[in-house]
Colleague: 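Please see the structure below; I have some questions.
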Amino acid sequence: MKKSIEVTVNGKSQSVEVDTRMVLADMLRENLRLTGTHIGCGTGSCGACTVMLDGRTVKSCSVLAADADGRSVQTVEGLSTSAVSLHPVQEAMVENQGLQCGYCTPGMVLSAVELLNKNPDPTEDEIRHGIAGNLCRCTGYHFVVTSIQAAAKSMKEGA
Amino acid sequence: MEAQDFSVVHKSVPLKDAHEKVTGHLQFPLDFAVPAMLYGRVLRSPHAHARIKRIDARKAEALPGVKAVLTYKDTPEREWFGLWLNYRGCVMDDTARFVGDEVAAVAAIDERTAEQALDLIEVDYEVLPHVLEAEDAMAADAPQIRADGNVRNPAVVEWGNCEKGFAEADIVVENKTRNYSQDQATMGRNAPIADWTQDKVTLWTGTTCPSELRDAVANLLDMAKSKVRIIALPTGPSLGKWWFNNIEMVAVLLARKAARPVKMMLTQKEVFADVKRRHAETTSGRMGVARDGTITSVHLEDVFENGAYGDKRDVYQSIPDLWTRIHNAKFEMRGISTNLVTSGCMRGVGDLTMNFGMEMLINKAAAALAMDPVEIRLKNAVRTGDALRTQRTLHALLAPDTPMPEAFTISSAAIDECLKKGADAINWRDKWKGWGQPTETNGATRRGVGVATGMHICGIRYGGQCGAVVKINSDGSVNLLVSLGRQGNGNDTTQCQIAAEELGVPYDRVSISCGDTDVTPWGQGSTASTSTHLSGTATKAAAADAKRQLLELAAKVFQAKPEDLDIKDGMIFSTANPEQRIPISDITDRHAPELWDVGQQPCIVGSAVTNVPIDPVAKHMAAHFTELEVDTDTGQVEIVKYVEAQDSGRLINPEVCENQLSGGYYQGLGFSLIEELVYDDDGKILNPNFENYKIWRCADLPDPELIFVEDADPVSPFGAKGLGEVPICVPPGAIAMAIYNATGVWMNETPMTPERILRALGKI
């Protein structure tokens, strides 16, 4: 069954026709071609598909697209304001090697952004628990954590 | 050159594609699409072993939206071959050899239609007896999986006389280890897209070996290699899974039959259960030692469980080379077929599993002598210039037409320094209390320390020469063409650093194309810790060739000899008078002012096809130390501290290398403690997903302390060895020793789960 929903994606309100069984991740990727939201496990275990729904991170493979009706979604594509300027978390990941293959990175970035929005000065332990829902197979997380620490510092200085 | 003399090498510059990755712009296979493409799905065998008596696809073909159905009747009778003895076989034939084996494939206008069509394919199976354990498959009356039987001839590396060595020993110990199967557990999924024009096929796929995949497709279909174009997409984590697999061949054949581009869709379950995993292994051994700790003899018998279509045996492993000083040795490595999903190379391969067997033997020998485990390793491990034992077997197998060199030696080996620096870092002198002695006891929890060593290849020359092309554009910017995969190990970044350093241009002036086989010269794929060492050698030589051409042109302008000129930061200068300098573009962009006069622009293309020497040979190695805590009531292990000390050669990009060591630690501790594919008696994998196959999360382990012993290797580009695989090879030995010292029980099976630890403690 199809349903038309009104959803704000990366600040822009739009109506999208979705299958009622469709999950948010598929709507973003297939209907809107926002493929920065990656599909990993498809069952809410790995965090690769993390996006923000009304300012809170969700695993978009585990949310029905229809449930985004009337709500606001932010994906990794909406984080940087232009092709060259990056969000401080993205900037810090680039500068501090907070990534390897890049598959988990968009989800990791969004979890870090939410963490820093809620807690601008997190301890290392709070950072580790803040991204514990995002699996990274490559890095061993060390530089992911130091990237988020660097982002926290630069966001505070920029504020 | 010393580290401080470099401009680009030895700098932690950001990854070339970091911006694409953090913005989500980088397209992985699932994200990639071509116009008019169909969607492909695979019908897989429900049986571990069965013959297809009848297969009827007519109803599926009649379903609206279905464009083609592929069965074994449409596939070549010839076998195709993967890399490094990861044998494959036919794309499909009339026999299914594991639960999940490809039986048919459908191309349809969308994924759902393709899935519906799978249900309409009628298959009558004659179910055959199956065998899942290597030991059972070796029995004479076992069901035979391959036409040539289940048991391959062993690969043997041997020197001296083992029995004589045992007779000379004061103590002989025996041990047997068993490793269960780890999965690469990749979040990314491959989704190859094949597209045919009249006589040429283009295949976009997540592969780390574009050149070798091109050759495999061309060989399978008897096509000119120029008519097969591979465009390698970034794979996401690979760890060996995404070299290339049967799914690519299915895509090529299905697209040909459908006469449309087809994208093969894999589910997460298929990625776990139906593609490729790490083999299971048993290692049985005896070791003889003299009272002073000299190892007089070792005999290791190793059984690789290869699944249905693997073929590892395995002559590429470096354990005999790490322990080359042992007086007498015999390493026998046998590959066995079973009715489980194909196993093959995963990061570290036998230098993880066999190494565990070897380390445990050394531990038992040292314990019997009451000798410090660091001391026995220092006494027996390889040193620079020692003979390499595996190389003779390799040379005989892979270069039978080339004369056997008199000697094979190791180019550099600093394992002694790794052991000493690692011991200092963990405070071994104070922590080591003797065999079976905890460092601390607190109620039911006990702490112990452990150490282990490991070694792995830096690729091998016998895999083929590697090529590189360096193009200098008129503005002085540079394009590097070299064949590599993009699996997150930073090898594209590393190659750009090598080219920039050699040529004397800034890092950001170099772009790389590494995935398109129509564009790049042939190269060994990003497997076996190859890229930096082998492709890096080619890249450096191609950059040197381009530089030579540039300086010849510049010599006329400078009215000097080329050898009196050099390039740094994109500026050509006279070495006698560095103030005399011009930008590269002054040479490459010499047109008359205000005229469009490209005719005067020189076309500079540097190229090289290189290999590394037959002798000496580079290998990478490491010593790891850990202190851990075992809760003897629950069997739970907590890592207190972990130290990796690695003989890395020169680091091209130190932070990229740190990520490699840190990630290897996570995966190695996963192998050691928690990761295992579990299957039922029918051969069905029961945990093909991240809910039931756990990998470590961010808050689960402390960061390791990393130590690089950075002696420049004499046969490596800028002294940089490969370094990606040894980090995963060492943990199980260190963990098992620390558990023994904490609790007094030897853990000979991996993963060392709480259940296995409690059983070893006699508590369950």
Side-chain angles (χ1 to χ4, degrees), chain A residues 29 33-48 75-77 79-80 83-84 86-87 89-109 124-125 127-147, chain B residues 12 14-15 17-28 30-33 184-189 234-239 267-269 486-490 653-656 658-667 670 689-692 694-701 703-704 706 727:
Chain A
R29 291 171 53 82
R33 292 297 296 155
L34 294 170
T35 55
T37 300
H38 294 152
I39 303 284
C41 62
T43 53
S45 296
C46 78
T75 72
V76 71
E77 288 91 347
L79 266 189
S80 43
V84 285
L86 297 175
H87 185 279
V89 169
Q90 293 172 310
E91 189 74 46
M93 294 264 185
V94 171
E95 293 300 322
N96 296 279
Q97 308 280 359
L99 71 162
Q100 283 192 274
C101 81
Y103 204 83
C104 71
T105 306
M108 194 73 88
V109 165
E124 181 182 335
D125 199 46
I127 292 173
R128 287 186 176 271
H129 283 91
I131 58 169
N134 295 78
L135 289 177
C136 168
R137 188 55 157 163
C138 301
T139 62
Y141 303 102
H142 172 73
F143 284 134
V144 178
V145 173
T146 57
S147 296
Chain B
S12 294
L15 298 180
D17 53 9
H19 189 282
E20 287 174 89
K21 286 173 174 171
V22 298
T23 55
H25 287 148
L26 187 69
Q27 289 203 314
F28 292 92
L30 270 188
D31 311 326
F32 191 75
Q184 290 88 351
T186 67
M187 276 90 77
R189 305 175 204 174
T235 60
S238 173
L239 284 72
T267 64
Q268 187 67 51
K269 175 254 163 198
R486 291 168 74 189
Q487 56 185 328
N489 58 1
N653 187 317
E655 287 181 357
V656 162
E658 284 184 51
N659 266 334
Q660 287 290 90
L661 264 62
S662 175
Y665 156 76
Y666 264 73
Q667 295 154 20
N689 50 59
F690 284 102
E691 295 87 81
N692 297 311
K694 295 293 186 195
I695 66 173
W696 299 114
R697 291 178 183 272
C698 183
D700 293 339
L701 297 174
D703 281 344
L706 308 178

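Computation of the quantities below employed the complete heavy-atom set of this structure, encompassing side-chain atoms and omitting hydrogens, waters and symmetry-equivalent molecules. Numbers restart at 1 for each chain; the letters A, B, ... are given by sequence-line order, proteins then strands.
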Colleague: Considering all heavy atoms of both residues, which atom of B/Cys698 and which atom of A/Val145 are nearest to each other, and what is their separation?
Modeller: SG-CG2, 3.9 Å
Colleague: Which heavy atom in B/Trp696 sits nearest to a heavy atom in A/Tyr141, and how many Å separate them?
Modeller: O-OH, 3.2 Å
Colleague: May I ask you to name which of A/Thr105, A/Thr139, A/Val76 has the most heavy-atom pairs under 4.5 Å with chain B?
Modeller: A/Thr139
Colleague: Chain B: which of A/Leu34, A/Thr43, A/Val109 shares the most heavy-atom pairs with it under 4.5 Å?
Modeller: A/Thr43
Colleague: Given heavy-atom pairs under 4.5 angstrom as the criterion, report whether the side chain, backbone, both or neither of A/Cys136 touches chain B.
Modeller: backbone
Colleague: Contact part of A/Arg29 toward chain B, heavy-atom cut-off under 4.5 Å: side chain, backbone, both or neither?
Modeller: side chain
Colleague: Any idea which heavy atoms bring B/Leu15 and B/Gly490 closest together, and the distance?
Modeller: CD2-CA, 4.1 Å
Colleague: Select, from A/His142, A/Glu95, A/Arg137, the one with the greatest count of heavy-atom pairs under 4.5 Å involving chain B.
Modeller: A/Arg137
Colleague: Answer with side chain, backbone, both or neither: which region of A/His38 has an atom nearer than 4.5 Å to a non-hydrogen atom of chain B?
Modeller: side chain
Colleague: Side chain, backbone, both or neither: which part of B/Leu661 has a non-hydrogen atom closer than 4.5 Å to chain A?
Modeller: neither
Colleague: Measure A/Ser80 against the heavy atoms of chain B and call it side chain, backbone, both or neither at under 4.5 Å.
Modeller: side chain
Colleague: Measuring heavy-atom distances to chain A, does B/Pro234 have an atom under 4.5 Å in its side chain, in its backbone, in both, or in neither?
Modeller: neither
Colleague: Answer with side chain, backbone, both or neither: which region of A/Val89 has an atom nearer than 4.5 Å to a non-hydrogen atom of chain B?
Modeller: neither
Colleague: Are B/Thr186 and B/Gln184 close enough that a side-chain donor and a side-chain acceptor fall under 3.5 Å?
Modeller: no
Colleague: Identify which part of A/Leu86 has an atom lying under 4.5 Å from any heavy atom of chain B, answering side chain, backbone, both or neither.
Modeller: side chain
Colleague: Please classify the contact of B/Asn653 with chain A as side chain, backbone, both or neither, using a heavy-atom distance under 4.5 Å.
Modeller: side chain
Colleague: Return the option, out of A/Pro106, A/Gly133, A/Gly102, with the maximum number of heavy-atom pairs under 4.5 Å with chain B.
Modeller: A/Gly102
Colleague: For a 4.5 angstrom cut-off between non-hydrogen side-chain atoms, does B/Val22 reach A/His87?
Modeller: no
Colleague: Please look at B/Phe690 and chain A and tell me whether the side chain, the backbone, both or neither of the residue comes under 4.5 angstrom of a heavy atom of that chain.
Modeller: both
Colleague: Kindly determine whether A/Gln97 and B/Ser12 satisfy side chain to side chain donor-acceptor pair (under 3.5 Å), including the steps that lead there.
Modeller: CA-CA 8 Å; A/Gln97 308 280 359; B/Ser12 294; 5.4 Å; no
Colleague: Work out which heavy atom in A/Ala48 is nearest to a heavy atom in A/Gly40; give both atom names and the distance.
Modeller: CB-N, 4.1 Å
Colleague: Would you say A/Arg128 and B/Asp700 make side-chain contact, with heavy atoms under 4.5 Å?
Modeller: no
Colleague: Using non-hydrogen atoms and a 4.5 Å limit, figure out which bit of A/Asp125 sits close to chain B: side chain, backbone, both or neither.
Modeller: neither
Colleague: Between B/Gln268, B/Gln487, B/Arg697, who has the most heavy-atom pairs with chain A when the cutoff is under 4.5 Å?
Modeller: B/Arg697
Colleague: Let me see the working for A/Gln100 and B/Gln660 under side chain to side chain donor-acceptor pair (under 3.5 Å), right down to the final yes or no.
Modeller: CA-CA 9 Å; A/Gln100 283 192 274; B/Gln660 287 290 90; 2.9 Å; yes
Colleague: Can you find a heavy atom in the side chain of A/Leu99 that is under 4.5 Å from one in the side chain of A/Met108?
Modeller: no
